[in-house]
*Asks:* 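This is the structure I want to talk about, given as structure tokens.
First the proteins, then the strands, lettered A, B, ... as listed; each starts at 1.
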There are 2 protein chains.
Amino acid sequence: MAKRVFNFNPGPAALPLEVLKQVQEELLDFKGTGMSILEISHRAKEFEEVNNQAMALIRELAGVGNNYKVLFLGGGASTQFSMVPMNFLAAGKTACYVDTGEWASKAAKEAKRVGNVNVLYSSKEAKYDHVPKPGQVKVPADAAYLHVTSNNTIFGTEYTDFPDAGSVPLFCDMSSDMFGRTRAFDKFSLIYAGAQKNLGPAGVTIVMLKDELLAKCPDNIPTMLNYKTHAEKDSLYNTPPVFGIYVVKLVMEWVKKQGGLKQIEAVNRKKKDAIYKLVDEHPNYFKGTVQKDSRSWMNLTLRLPSEDLEKKLTDEAKKAGFVGLKGHRSVGGVRVSLYNAVPLEGAEKLAEFMLGFMKANPK
Amino acid sequence: MAKRVFNFNPGPAALPLEVLKQVQEELLDFKGTGMSILEISHRAKEFEEVNNQAMALIRELAGVGNNYKVLFLGGGASTQFSMVPMNFLAAGKTACYVDTGEWASKAAKEAKRVGNVNVLYSSKEAKYDHVPKPGQVKVPADAAYLHVTSNNTIFGTEYTDFPDAGSVPLFCDMSSDMFGRTRAFDKFSLIYAGAQKNLGPAGVTIVMLKDELLAKCPDNIPTMLNYKTHAEKDSLYNTPPVFGIYVVKLVMEWVKKQGGLKQIEAVNRKKKDAIYKLVDEHPNYFKGTVQKDSRSWMNLTLRLPSEDLEKKLTDEAKKAGFVGLKGHRSVGGVRVSLYNAVPLEGAEKLAEFMLGFMKANPK
């Protein structure tokens with residue numbers, strides 16, 4: 001078996017080793033059923049328990065009550081880009097979006113296929129190098145909802161404080177930072193997240209929404225795209241992504257065992273500080289691509305003095321056991337993704353490696 | 001570890017033990033990457049290879065050429081119920097459906113939300129105890145497509161010969177019997193199947209469609225519901241269900257190793273014969289619920305002389321290591337699902353057990 005690498009991929013990404021070991025250990029026999037979790041009926045009581053526990057753990061970690069429904073869906077966050085307006089952007093109303101990156105922009109684009117959209121703020125002209133400050137987004141009181149993207153995986157920005165939507169329901173794509181730090185989750189009426197960053201494997205999307213919203217879901221949209229369909233059946237209207245839900249449950253147990261989001265946040269703070277310290281201390285070598293107060297804790301984007309050096313760094317890093325550091329083609333450079341399952345040791349060792357690289361490769 | 005049971009669940013269902021063992025063995029380190037398949041980027045060359053091989057194996061086993069695209073999507077076959085008409089039922093056209101069970105009926109119902117639907121044939125009045133004979137379905141030449149459901153999981157019927165759609169594109173939901181027997185796959189313009197029966201785990205849906213169809217996909221539907229989106233990117237437009245695709249690939253390799261569909265069919269024939277023999281030899285005790293020429297090879301439905309005996313049989317069977325035999329609530333009785341990964345030994349031992357049960361529990 002190859003040595004386990006430090007995995008800085010932007011997603012799918014690192015999962016906790018102890019979760020992987022548990023999956024491996026019980027893969028041929030799930031809880032004494034004589035079947036694999038991959039073979040078990042989604043109607044079996046053993047799976048029902050997994051599903052219920054996963055929902056309960058997500059609510060518990062988010063600190064929200066039973067007035068929130070938790071759903072496990074297929075199709076990725078990209079499918080949510082359409083489901084959200086199909087369910088909640090009624091004719092004659094306008095949905096408001098904040099455009100802070102590629103995924104935020106795609107979300108707005110899909111909503112435009114459904115109805116009226118007002119992009120209240122965009123940082124596109126500034127190459128998406130920041131998210132708006134709270135006061136910069138003014139939400140009309142009659143908006144259907146306000147949609148924001150908490151963390152921008154490609155451009156490396158993240159909200160610390162979200163816009164105030166007033167009485168307008170606040171919706172959020174939290175795909176790349178959900179449960180990476182503490183949040184006032186109960187300020188959001190709807191949150192969705194592809195699992196493959198902090199929450200689990202690719203193939204399952206988590207939706208958490210206030211049940212009062214469900215009354216608004218129209219009856220004339222495709223059954224599978226109606227949140228009510230899934231909320232009423234605890235995601236068991238049809239066969240759900242069973243294995244994905246099972247792994248999400250294990251990851252949520254792991255998060256809880258770490259001490260919950262408070263402790264996760266404390267560790268993630270140290271991780272991102274280890275890397276941003278390089279940027280702050282050697283700004284002419286490691287050049288951050290975003291404004292300081294918009295820096296992401298999850299995806300840290302930086303450029304080196306030349307593309308040759310960037311390539312050399314990612315290549316040498318890979319050989320040294322640090323993988324997934326290549327920046328997205330639209331930003332270039334280096335991107336360090338520090339999701340929950342990346343250990344503090346990984347961030348610290350990478351920082352050390354990068355400092356060594358700088359010294360060995362002066363510009 | 002509990003002894004491995006014989007798993008007769010209707011889906012999610014049994015997977016080949018050697019596939020499960022391979023998944024287990026390489027779960028912590030996929031192909032020397034130092035990462036789990038659950039952690040690997042969907043853009044990594046190691047995954048690209050898995051994706052390409054899975055597509056190629058499906059085409060190879062189906063005996064179709066490169067003019068068919070193979071897609072791996074989320075959302076289950078139920079999402080296909082909507083995607084099919086959204087892509088191929090243009091305004092002013094009529095889509096034709098054959099109603100042979102609950103899922104066939106749901107497919108037609110979703111299509112009605114999109115456009116004009118003509119249900120050419122229904123066996124509903126006969127409690128779905130048969131599928132139509134080829135000549136019984138007359139397809140208007142100007143139909144957008146004809147939609148059939150090859151196997152009816154709940155009611156236990158299956159086509160041997162499909163209706164002749166003439167020049168009209170033939171679409172098929174093959175969720176519960178794809179690759180369970182040989183078929184002239186190239187007669188179909190579009191096939192879709194939730195993987196969780198013969199093909200892999202829950203959470204991935206396989207679509208195989210002729211690429212000439214893609215020109216018809218309209219541009220104004222949600223991007224994620226457009227087949228073109230996924231066909232153009234080999235299912236990598238967004239993060240696909242990576243793990244599900246990986247397991248599908250392993251299952252397809254296993255099918256090939258068994259000798260392909262011809263050999264699979266030969267074994268499945270023996271499996272279903274072992275059970276139907278009981279029905280034919282003891283028709284007053286094991287009462288088949290469907291017409292003989294519509295019998296499913298995959299889901300064998302039968303009633304016993306009383307509900308008490310049915311319950312007793314499924315309970316005792318479970319204790320003896322035969323699980324998943326309870327009939328669907330809408331049919332009752334006993335349902336024996338004999339998907340590809342159920343070994344011949346399982347079907348034979350179950351038949352023996354059932355015969356013994358009959359003798360020990362006369363009506």
Side-chain angles (χ1 to χ4, degrees), chain A residues 1-5 7 9-15 17 20-21 23-24 27-29 32-36 38-42 73-79 81-82 86 106 109-110 113 194 196 201-205 220-225 237-244 247 321 323-324, chain B residues 1-5 7 9-15 17 20-21 23-24 27-29 32-36 38-42 73-79 81-82 86 106 109-110 113 194 196 201-205 220-225 237-244 247 321 323-324:
Chain A
M1 200 167 83
K3 192 174 171 291
R4 190 161 164 81
V5 296
N7 180 351
N9 270 309
L15 287 171
L17 183 58
L20 295 172
K21 283 184 173 166
V23 173
Q24 183 179 48
L27 195 84
L28 295 190
D29 178 27
T33 56
M35 290 177 273
S36 171
L38 296 170
E39 304 178 297
I40 207 168
S41 170
H42 60 298
L73 306 179
S78 295
T79 300
F81 295 168
S82 295
M86 287 170 88
K106 280 187 173 168
K109 199 175 151 198
E110 290 300 321
R113 293 171 184 271
Q196 66 272 13
V204 55
T205 308
N220 62 345
I221 58 175
T223 303
M224 283 295 291
L225 300 184
Y237 168 77
N238 72 332
T239 312
V242 170
F243 180 78
V247 180
V323 308
Chain B
M1 200 167 82
K3 190 172 172 289
R4 189 159 164 83
V5 296
N7 179 351
N9 270 309
L15 288 171
L17 182 59
L20 294 172
K21 282 183 173 166
V23 173
Q24 183 179 48
L27 195 84
L28 295 190
D29 178 26
T33 56
M35 290 178 272
S36 171
L38 297 170
E39 305 178 297
I40 207 168
S41 170
H42 59 297
L73 307 179
S78 295
T79 301
F81 296 168
S82 295
M86 288 169 87
K106 279 187 173 169
K109 198 176 151 197
E110 289 301 320
R113 293 171 183 271
Q196 66 271 14
V204 56
T205 307
N220 61 346
I221 59 175
T223 303
M224 283 295 291
L225 300 184
Y237 168 76
N238 72 332
T239 313
V242 171
F243 180 78
V247 180
V323 309

*Asks:* For B:T239, what residues pass the side-chain hydrogen bond (donor to acceptor under 3.5 Å, both in side chains) criterion, not counting sequence neighbours?
*Replies:*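 B:T239 satisfies side-chain hydrogen bond (donor to acceptor under 3.5 Å, both in side chains) with A:Q196 only.
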
*Asks:* What part of A:P240 is in contact with chain B, defined as an atom under 4.5 angstrom from a non-hydrogen atom: side chain, backbone, both or neither?
*Replies:*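 For A:P240, the contact with chain B is made by the backbone alone.
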
*Asks:* Going from CG on A:D29 to CZ on B:R4, what distance comes out if it is rounded to the nearest 0.5 angstrom?
*Replies:*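 A:D29 CG to B:R4 CZ: 9.5 Å, rounded to 0.5 Å.
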
*Asks:* Has the side chain of B:Q24 got a donor or acceptor atom that lies under 3.5 Å from a matching backbone atom of A:Q24?
*Replies:*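 The answer is yes, because a donor-acceptor pair under 3.5 Å joins these two groups.
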
*Asks:* Which atoms of A:A14 are under 4.5 Å from chain B, going by heavy atoms: the side chain, the backbone, both sets, or neither?
*Replies:*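 For A:A14, backbone and side chain are both near chain B.
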
*Asks:* Can you name the side-chain hydrogen bond (donor to acceptor under 3.5 Å, both in side chains) partners of B:S41, sequence neighbours left out?
*Replies:*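 side-chain hydrogen bond (donor to acceptor under 3.5 Å, both in side chains) list for B:S41, sorted by chain: empty.
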
*Asks:* Can you find a pair of side-chain heavy atoms, one from B:F243 and one from A:L38, that are under 4.5 Å apart?
*Replies:*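 In short, these two side chains touch, coming nearer than 4.5 Å.
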
*Asks:* What distance do B:L28 atom CG and A:L15 atom CG have between them, rounded to the nearest 0.5 Å?
*Replies:*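 Reported value, rounded in 0.5 Å steps: 11.0 Å.
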
*Asks:* Based on non-hydrogen pairs under 4.5 Å, which of B:G32, B:A77, B:S78 is most in contact with chain A?
*Replies:*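 Heavy-atom pair counts peak at B:S78.
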
*Asks:* Answer with side chain, backbone, both or neither: which region of A:V23 has an atom nearer than 4.5 Å to a non-hydrogen atom of chain B?
*Replies:*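 Both backbone and side chain.
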
*Asks:* Where on A:T205 is there a heavy atom nearer than 4.5 Å to chain B: the side chain, the backbone, both, or neither?
*Replies:*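 It is neither, since no heavy atom gets under 4.5 Å.
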
*Asks:* Please look at A:K21 and chain B and tell me whether the side chain, the backbone, both or neither of the residue comes under 4.5 angstrom of a heavy atom of that chain.
*Replies:*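 It is both, since atoms from each part get that close.
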
*Asks:* Please determine, among B:G75, B:G203, B:P201, the option with the most heavy-atom pairs under 4.5 Å with chain A.
*Replies:*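 Answer, by heavy-atom pair count under 4.5 Å with chain A: B:G75.
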
*Asks:* Tell me, for A:E110 versus chain B, whether the close heavy atoms (under 4.5 Å) come from the side chain, the backbone, both or neither.
*Replies:*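 When you check distances to chain B, only side chain atoms of A:E110 fall under 4.5 Å.
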
*Asks:* Can you tell me which of B:G324, B:G194, B:P222, B:G244 forms the most heavy-atom pairs within a distance under 4.5 Å of chain A?
*Replies:*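 Most pairs with chain A among the choices: B:P222.
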
*Asks:* So which of A:N9, A:T223, A:T79, A:L17 has the largest heavy-atom pair count under 4.5 angstrom toward chain B?
*Replies:*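 Ranked by heavy-atom pairs under 4.5 Å with chain B, first place is A:T223.
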
*Asks:* What part of A:I221 is in contact with chain B, defined as an atom under 4.5 angstrom from a non-hydrogen atom: side chain, backbone, both or neither?
*Replies:*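 Just its backbone gets close to chain B.
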
*Asks:* To the closest 0.5 Å, what do you measure between NZ (B:K106) and CG (A:N238)?
*Replies:*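 If I round to the nearest 0.5 Å, the distance is 8.5 Å.
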
*Asks:* To the nearest 0.5 Å, tell me how far A:M86 CE sits from B:L225 CG.
*Replies:*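 So the CE of A:M86 and the CG of B:L225 are separated by 6.5 Å.
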
